[in-house]
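Have a look at the structure below before the remarks.
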Amino acid sequence: MITTDILIIGAGPTGLFTVFEAGLLKLKCHLIDALPQPGGQCSEIYPKKPIYDIPAYPEILAGDLTDKLLEQCKQFEPGFTLGERAETIDKQEDGSFIITTNKGTKHKAPVVAIAGGLGSFEPRKPLLENITNFEDKGVEYIIKDPELYRDKRVVIAGGGDSALDWSIFLSDVASEVTLIHRRNEFRGHLDSVEKVQELKNAGKINLITPAEVTAIIGDDKVKGIEVTKKDENPIIVETDHFIPLFGLSPKLGPIANWGLEIEKNAIKVNNALDYQTNIPGIFAIGDVNTYPGKLKLILCGFHEATLMCQAAYQIINPGKRYVLKYTTVSGIDGFDGTRKEAPKAVVKAIE
Ligand SMILES: Cc1cc2nc3c(=O)[nH]c(=O)nc-3n(C[C@H](O)[C@H](O)[C@H](O)COP(=O)(O)OP(=O)(O)OC[C@H]3O[C@@H](n4cnc5c(N)ncnc54)[C@H](O)[C@@H]3O)c2cc1C
């Protein structure tokens with residue numbers, strides 16, 4: 001059982017900034033995210049796109065913003081359960097909550113902050129009859145650990161950045177990489193498209209286009225796939241892994257069944273006070289919540305996280321008064337033993 005003060009569901013920008021604000025109040029956080037890496041939409045959908053409306057950053061790449069948020073909260077030593085979806089919630093007699101993931105990992109905390117954005121990202125699966133039988137038996141929709149593919153034969157299907165970037169990366173890891181796309185044109189960064197062309201010319205990536213995977217072959221695990229090119233007979237490509245990278249679609253998912261008030265796929269909160277939901281002790285912040293005038297912007301998530309942490313402090317330390325201090329005055333005491341503070345004023349005569 002993982003225990004913490006604030007259990008955050010979603011390690012997007014809102015969840016990550018919550019760790020920092022909670023840390024200032026000496027509250028520990030643990031984050032659960034269905035994705036294998038932190039950053040939410042910023043790292044999963046648009047890591048290389050510049051954002052122009054983060055205060056004090058005239059321009060910052062979404063991936064760099066994630067790195068900065070991780071750097072900023074590192075001193076408060078957040079725990080992470082990544083690659084697991086928060087599935088069920090159980091209220092305990094002492095008022096705390098136990099959240100269990102789809103892989104059975106249990107977490108306990110007196111306060112839950114749902115920072116689930118648009119929901120947990122679910123992979124778009126190709127419409128192949130028997131594909132679910134091969135999941136984790138050679139079919140993977142998200143690459144969590146590239147080492148799984150070392151010296152293995154891999155078939156990637158897809159025409160976007162993920163398919164291009166992973167084909168490039170795995171061409172140095174796998175024994176054989178085949179990239180299949182239903183068009184001749186790929187939609188991605190020019191650098192990536194050109195690199196795949198280069199690797200194809202060098203014989204390091206087999207490219208099959210325009211073509212579609214029409215069947216998976218195997219018994220208890222993937223042995224090959226059937227590929228059909230337009231107006232041609234199907235061919236069999238032998239492989240150890242089939243990785244369809246057709247993008248991810250967000251779904252509010254299991255959170256929708258937790259008894260929370262939901263409006264248009266978002267969680268209703270009390271925005272006049274602290275972004276608490278209809279269940280005391282459960283807050284919803286960032287893109288996942290709704291209230292009159294809501295804007296789904298990163299900076300709004302930061303603001304909501306800051307106010308929410310003050311309310312969490314009161315739940316965790318009932319009756320204790322917290323006096324807001326500027327970080328310029330109080331400095332920051334990291335849980336890792338580090339201390340940051342502005343140079344102190346001295347009293348010194350000038351001769
Ligand atoms: C292409 C694009 C461009 C954008 N440009 C801008 C911009 O310029 N400026 C701006 O302010 N905003 C922009 N946005 C919006 C911005 O990305 C979002 O407002 C922001 O990501 C919201 O952060 P969040 O942390 O609330 O949620 P998210 O970033 O969506 O993160 C939520 C996380 O929660 C996880 N999660 C959800 N449910 C579960 C569950 N049950 N279990 C485990 N994990 C779960 C998800 O996997 C996800 O990682 C853009 C969005 C897109 C798609």
Please find out if less than 6.0 Å separates the ring center of His241 from that of Tyr149. yes
Check whether more than 12 heavy atoms from other residues, nucleotides or ligands sit under 6.0 Å from atom NZ of Lys294, and answer yes or no. yes
Going through the checks in order, is the side chain to side chain contact (heavy atoms under 4.5 Å, CB included) test met by Phe17 and Gln72? CA-CA 8 Å; Phe17 192 64; Gln72 191 175 27; 3.8 Å; yes
Heavy atoms from other residues, nucleotides or ligands near CG of Asp136 exceed 12 (cutoff 6.0 Å): no
For residues 38-45, dump all side-chain donor-acceptor pairs below 3.5 Å to protein atoms at least two apart in sequence or in another chain.
| from | atom 1 | to | atom 2 | distance (Å) |
| --- | --- | --- | --- | --- |
| Gln41 | NE2 | Asp287 | OD2 | 3.1 |
| Ser43 | OG | Pro38 | O | 2.8 |
| Ser43 | OG | Gly40 | O | 3.4 |
| Glu44 | OE1 | Gln37 | NE2 | 2.9 |

Between His107 and Thr4, is there a side-chain donor-acceptor contact under 3.5 Å, judged purely by atom types and distance? no
Glu87 and Thr101: side-chain hydrogen bond (donor to acceptor under 3.5 Å, both in side chains), yes or no, with the steps? CA-CA 5 Å; Glu87 203 74 21; Thr101 68; over 6 Å; no
Tell me whether Phe246 shares a hydrophobic cluster with Val155, the cluster being built from Ile, Leu, Val, Met, Phe, Trp, Tyr side chains joined at under 4.5 Å. no
Residues Arg150, Glu147: salt bridge by 4.0 Å N-O rule: yes
Is Lys268 salt-bridged to Glu263, cutoff N-O under 4.0 Å? yes
Got Ile99 and Trp258 here, is their nearest side-chain heavy-atom distance under 4.5 Å? yes
Pairing of Glu176 and Arg153 as salt bridge, 4.0 angstrom limit: no
Residue pair Pro234 / Val227, side-chain heavy-atom distance below 4.5 Å: no
Give a yes-or-no answer on whether the side chains of Lys204 and Ser171 include a donor-acceptor pair shorter than 3.5 Å. no
Are any of the side-chain heavy atoms of Leu31 and Thr81 separated by less than 4.5 Å? no
Is a side-chain donor-acceptor pair under 3.5 Å present for Asp94 with Gln92? no
From the list Asn289, Ile89, Ile267, Val269, side-chain contact (heavy atoms from CB on, under 4.5 Å) with Leu260 holds only for Ile267
With a cut-off of 6.0 Å (strictly less than), are more than 12 heavy atoms of other residues, nucleotides or ligands near CD of Glu129? no
Would Ser175 and Asp151 count as a side-chain hydrogen bond (donor to acceptor under 3.5 Å, both in side chains) if you check the C-alpha gap in whole Å, the side-chain angles of each, and the deciding distance to 0.1 Å? CA-CA 4 Å; Ser175 61; Asp151 302 327; over 6 Å; no
Taking all non-hydrogen atoms of both residues, which atom of Ile6 and which atom of Cys309 are closest, and how far apart? CD1-SG, 4.4 Å
Considering non-hydrogen atoms only, spot the tightest contact between Phe80 and Ala11 and give its length. CE2-CB, 4.4 Å
Find out if a path of hydrophobic residues (ILVMFWY) with successive side-chain heavy-atom gaps under 4.5 Å connects Tyr141 to Leu179. no
Shared hydrophobic cluster for Ile156 and Ile236 (ILVMFWY, side-chain gaps under 4.5 Å): no
Over all heavy atoms of both residues, which pair between Leu248 and Pro123 is shortest? Give the atoms and the distance, please. CD2-CA, 3.5 Å
Specify the closest pair of heavy atoms between Pro244 and Ile131, including all atoms of both residues, with the distance to one decimal. CG-CD1, 4.4 Å
Verify the cluster assignment for Val288 and Leu307: are they in a single hydrophobic cluster under the rule of side-chain heavy atoms below 4.5 Å apart? no
Counting only heavy atoms not in Lys91 (residues, nucleotides, ligands), do more than 12 fall under 6.0 Å from its NZ? yes
Is any side-chain heavy atom of Ile8 less than 4.5 Å from a side-chain heavy atom of Val19? yes
Same cluster for Leu65 and Leu299 if Ile/Leu/Val/Met/Phe/Trp/Tyr side chains link at under 4.5 Å? no
Side chain to side chain contact (heavy atoms under 4.5 Å, CB included) for Asp5 and Val111? Distances and angles first, verdict last. CA-CA 6 Å; Asp5 293 324; Val111 170; over 6 Å; no
If you count every heavy atom of other residues, nucleotides or ligands that lies below 6.0 Å from Lys296 atom NZ, does the total exceed 12? yes
Taking Glu341 first and then Arg339, would you say they form a salt bridge - that is, a charged N and a carboxylate O separated by under 4.0 Å? yes
From Ile54 atom CD1 to Lys68 atom NZ, the distance as rounded to the nearest 0.5 Å: 13.0 Å
Evaluate side chain to side chain contact (heavy atoms under 4.5 Å, CB included) for Val154 paired with Thr178, printing each intermediate quantity in order. CA-CA 6 Å; Val154 171; Thr178 302; over 6 Å; no
Please state whether the rings of Tyr291 and Tyr275 are parallel, tilted or perpendicular, taking 30° and 60° as the class boundaries. tilted
With a 4.0 Å cut-off on N to O distance, would you call Glu185 and Arg183 a salt bridge? no
Is there a side-chain contact between Ile217 and Glu226 in this structure, where contact means two heavy atoms from C-beta onward sitting under 4.5 Å apart? yes
pair Glu140-Phe242: side-chain heavy atoms closer than 4.5 Å: no
Any heavy-atom pair between the side chains of Ile9 and Val112 that's under 4.5 Å? yes
Arg85/Asp33 salt bridge by N-O under 4.0 Å criterion: no
Should Asp191 and Lys195 count as an ion pair when the cut-off is N to O under 4.0 Å? no
Neighbour count above 12 (heavy atom, 6.0 Å) for Tyr46 OH: yes
Looking at every non-hydrogen atom in both residues, tell me the closest pair between Thr100 and Lys106 and how far apart they are. OG1-NZ, 3.2 Å
Quick one: sort the Phe76 and Phe335 rings into parallel, tilted or perpendicular, breaks at 30° and 60°. perpendicular
Going through the checks in order, is the side chain to side chain contact (heavy atoms under 4.5 Å, CB included) test met by Ile208 and Lys229? CA-CA 8 Å; Ile208 311 182; Lys229 277 185 114 172; 4.2 Å; yes
Taking every non-hydrogen atom, the tightest pair across Leu297 and Asp53: CD2-OD2, 3.8 Å
Does the side chain of Leu82 reach to within under 4.5 Å of the side chain of Leu35, using non-hydrogen atoms? no
Rounded to the nearest 0.5 Å, how far apart are CD1 of Ile168 and CH2 of Trp166? 11.5 Å
